[in-house]
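Note sheet for the following structure.
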Amino acid sequence: MVTLEVATHPAGAKVTRLDSNQLLGVTPLKLQAEPATGPIGLRLELLGHQSVERQVTLTSNVSLSVDLPPEPKTSDDQWLANARTQVDR
């Protein structure tokens, strides 16, 4: 068995294995897995942040740390922020 550790900033991201679409858990995540010869794709998702995909090779223990960038602001977000400012006045 090998250990896979996944951490994200911020924490709380869902970790999904891409080949099987299996939810592995939520960061910070530490699990035991069977060694694998080829790369395994992982998707990291957290509401309000951009999804990130990474490849890991589980021939030995793996520790992965990923920064999740915030979702870009949309024009609707700016409009809503402006509307809230007007109401607060």
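For reference, positions follow the sequence shown, starting with 1.
The NE2 atom of His49 sits 8.5 Å away from atom CD of Glu71, with the distance rounded to the nearest 0.5 Å. The line from CD of Glu5 to CG of Asn61 is 8.0 Å long, rounded to the nearest 0.5 Å. In this structure, the separation between CD1 on Ile40 and OG1 on Thr57 is 8.0 Å, given to the nearest 0.5 Å. Atom CD of Gln22 and atom CG of Leu42 lie 10.5 Å apart (nearest 0.5 Å).
Closest approach of Leu46 and Gly12 over heavy atoms only: CD1-O, 3.4 Å. Of all non-hydrogen atoms in Gln55 and Gly41, the two that sit nearest each other are NE2-CA, 4.0 Å.
Shown are Asn21, Val15, Asp19; of these, the side-chain contact (heavy atoms from CB on, under 4.5 Å) with Arg17 is made only by Asp19. Results of the side-chain contact (heavy atoms from CB on, under 4.5 Å) test with Val62 over Val6, Val56, Val2 single out Val56 as the only residue that passes.
Between Thr59 and Pro35 the shortest side-chain heavy-atom distance does not fall below 4.5 Å.
Inspection of the Thr3 and Gln32 side chains reveals an N or O donor paired with an N or O acceptor under 3.5 Å.
Checked by atom type and distance alone, the side chain of Thr27 never pairs as donor or acceptor with a backbone atom of Leu29 at under 3.5 Å. Judged purely by atom type and a 3.5 angstrom limit, Gln50 uses its side chain to pair as donor or acceptor with the backbone of Pro70. With Thr16 contributing its side chain and Leu23 its backbone, the two residues share no donor-acceptor pair below 3.5 Å.
Connection of Leu64 to Val26 is not established within any shared hydrophobic cluster, with ILVMFWY side chains joined at heavy-atom distances below 4.5 Å, either directly or through further cluster members. In the hydrophobic clustering of this structure, Leu24 does not group with Leu18; members are Ile, Leu, Val, Met, Phe, Trp, Tyr whose side-chain heavy atoms approach within less than 4.5 Å, directly or through other members.
In this view, Val52 and Arg54, Val66, Leu68, Pro69 satisfy the side-chain contact (heavy atoms from CB on, under 4.5 Å) rule, not counting sequence neighbours.
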